[in-house]
2 protein chains.
Amino acid sequence: MKKIALKKGQILQRKGDFNSKVYQVEGGLLRSYAISDKGKEHIYMFAPEGWIMADNAPPDEPCDLFIDAIEDSIVWQKEKDLQGEHDVPKLIKRLSVLQKRVIMLMGASALERYEHFLATYPEIVQRVPQKMIASYLGVTPEALSAVRRKRSQKE
Amino acid sequence: MKKIALKKGQILQRKGDFNSKVYQVEGGLLRSYAISDKGKEHIYMFAPEGWIMADNAPPDEPCDLFIDAIEDSIVWQKEKDLQGEHDVPKLIKRLSVLQKRVIMLMGASALERYEHFLATYPEIVQRVPQKMIASYLGVTPEALSAVRRKRSQKE
DNA sequence: TTCCTTTCTTAATCTACATTAATGCACAGG
DNA sequence: CCTGTGCATTAATGTAGATTAAGAAAGGAA
């Protein structure tokens, strides 16, 4: 277990790395993202203080995600120990959350995705640039801007 | 561990059930699906013989998915034992697959999704009605029909 | 401060997919 | 056998969101 201090923008893990670690965020804000074959960046998740960030790849396979710091951050790096005190209920909870996200992605409009983001990450809306929120939602910054305009008109 | 014989169309699990089970498919074909608040059906996965089918909900939470039989089927029903011989590497593998699917869903066109489906389930294309494939891909049957037409023209 | 780069927003146009509707087919029940 | 019901396909029209382009606002480095 190792403590790591990160500068904003610093990369913690690259796609293709083996033996990816688990990061417990003590302060700051991380993101993980994939880069498609067309070169587009898709943010997979955010992790503010108190959250866990990890690629879900098995340790014998290369990981799929990049992880970097959106703000200066402090994280604890842990090994993914296969055996041992692996918290099975926590793994199942992760599966459940992912499953819900898949279901959501299949049916939801840009507006609904934005509402879902707000519900999932209420504390970080102000700390993340719009274009990253758009990337997380899977829409363009222009589309997100339109969604926000419509929302603010209604209230 | 209990053996269950299912008729085509028979429902094995409903959304909202607690303590959902794990099903090992010995023969036939199952599907799991969600129904959105607008009443639309989204197929989450298929499970032909040899596959495992389960909702990923923790046992203390209601599950999200319906499971039913696309063909007459035989399945083994197992409890989700929290403790005990839970296969952690297998759980991690499931996470990894789900993560890849999320990334795919965020960036892929209807054509790409169809290619992905063919790669994932090569053995069942003939056994599943088009409209269910469309539902799995998150597009309408009409859109799938157009994709298939384009593909066949090219080759 | 000034300059430069990046981000956000607005608007015009384009495109993939949804919706609606009509038609042809297959198969199940009488 | 006829007749209904559901499925697949095609074509038309509609629409959410992508793309392109331009200008305004915000942040960093000298």
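Computed from a predicted structure; not experimentally measured. We name chains A, B, ... by the order of the sequence lines, and we start the count at 1 in each one.
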Whole angstrom value for the distance that separates P of D/dC7 from CD1 of B/Ile133:
14 Å

Please report the C-alpha distance between A/Glu142 and A/Lys131 in whole Å, then the side-chain angles of each, then the deciding distance to 0.1 Å, and finally whether the salt bridge (Lys or Arg N to Asp or Glu O under 4.0 Å) criterion is met.
CA-CA 9 Å; A/Glu142 291 86 348; A/Lys131 61 165 205 163; over 6 Å; no

Using atom CD1 of A/Ile70 as one end and atom C1' of C/dT7 as the other, report the distance to the nearest whole Å.
15 Å

More than 12 heavy atoms of other groups within 6.0 Å of B/Arg127 CZ:
yes

Distance below 4.0 Å between A/Ser109 side-chain N/O and D/dA16 OP1 or OP2
no

For atom NZ of B/Lys38 and atom P of C/dT19, their distance in whole Å
10 Å

B/Ala143 side chain, from C-beta outward: closest of C/dC17, D/dG17, C/dT9:
C/dC17

Roughly, in whole Å, what's the span from CD in B/Glu41 to C1' in D/dG6?
14 Å

How close do A/Ser135 and A/Ile43 get, counting heavy atoms only, and between which atoms?
OG-N, 2.9 Å

Over how many whole Å does the gap from B/Arg148 atom CZ to C/dC17 atom P extend?
16 Å

If the cut-off is 4.0 Å, is B/Lys40 near the phosphate of C/dT19, judged by side-chain N/O to OP1 or OP2?
yes

Give, for atom OG1 of B/Thr120 and atom CE of B/Met45, the distance between the pair rounded to the nearest 0.5 Å.
10.0 Å

Check whether any side-chain heavy atom of A/Glu123 sits under 4.5 Å from a side-chain heavy atom of A/Pro48, and report yes or no.
yes

Quick one: are B/Ile124 and B/Ile70 in side-chain contact, heavy atoms under 4.5 Å?
no

With a 4.0 Å cutoff (strictly under), does any side-chain N or O of A/Ser145 reach OP1 or OP2 of C/dC8?
no

Using a strict 4.0 Å threshold on nitrogen-to-oxygen distance, state whether A/Glu71 and A/Arg31 make a salt bridge.
no

Between atom CG in A/Leu111 and atom P in D/dG17, what is the gap in whole Å?
9 Å

Are side-chain heavy atoms of A/Met104 and A/Gln99 found at a separation under 4.5 Å?
no

Expected list for residues 118-130 of chain B near DNA chain D, using heavy atoms below 4.0 Å, is B/Pro129, B/Gln130

Mind calculating the distance between CG (A/Leu144) and P (C/dT10) to the nearest angstrom?
12 Å

Rounded to 10°, the helix from C/dT1-D/dA30 to C/dG30-D/dC1 deviates from straight, judged by its five-pair end axes, by 40°

Is there side-chain contact between B/Leu95 and A/Leu98, with heavy atoms separated by less than 4.5 Å?
yes

Spacing of CG belonging to B/Asn56 relative to NZ belonging to A/Lys93, to within rounding of 0.5 Å:
11.5 Å

Could I get the full list of ring pair (Phe, Tyr, Trp, His ring centres under 6.0 Å) partners for A/Tyr23, not counting sequence neighbours?
none

Whole Å only: how far is the NZ atom of A/Lys150 from the P atom of D/dT15?
12 Å

Under a 4.0 Å N-O cut-off, is there an ion pair linking A/Glu79 with A/Lys2?
no

Report the hydrophobic cluster partners of B/Met1, with the cluster defined as I, L, V, M, F, W, Y residues connected by side-chain heavy atoms closer than 4.5 angstrom, directly or transitively.
B/Trp76

In terms of side-chain heavy atoms of A/Lys131, which of C/dT7, D/dA18, D/dT9 is nearest?
C/dT7

C/dT10 OP1/OP2 closer than 4.0 Å to side-chain N/O of A/Arg149
yes

Nucleotides 21-30 of chain D: protein proximity per nucleotide (B base, S sugar-phosphate only, - neither; heavy atom, under 4.0 Å)
B---------

Scan nucleotides 28-30 of chain C against the protein and return all N/O pairs shorter than 3.5 Å with their distances rounded to 0.1 Å.
none

Measuring from atom CD of A/Gln13 to atom CE of A/Met53, what distance do you get when rounded to the nearest 0.5 angstrom?
9.5 Å

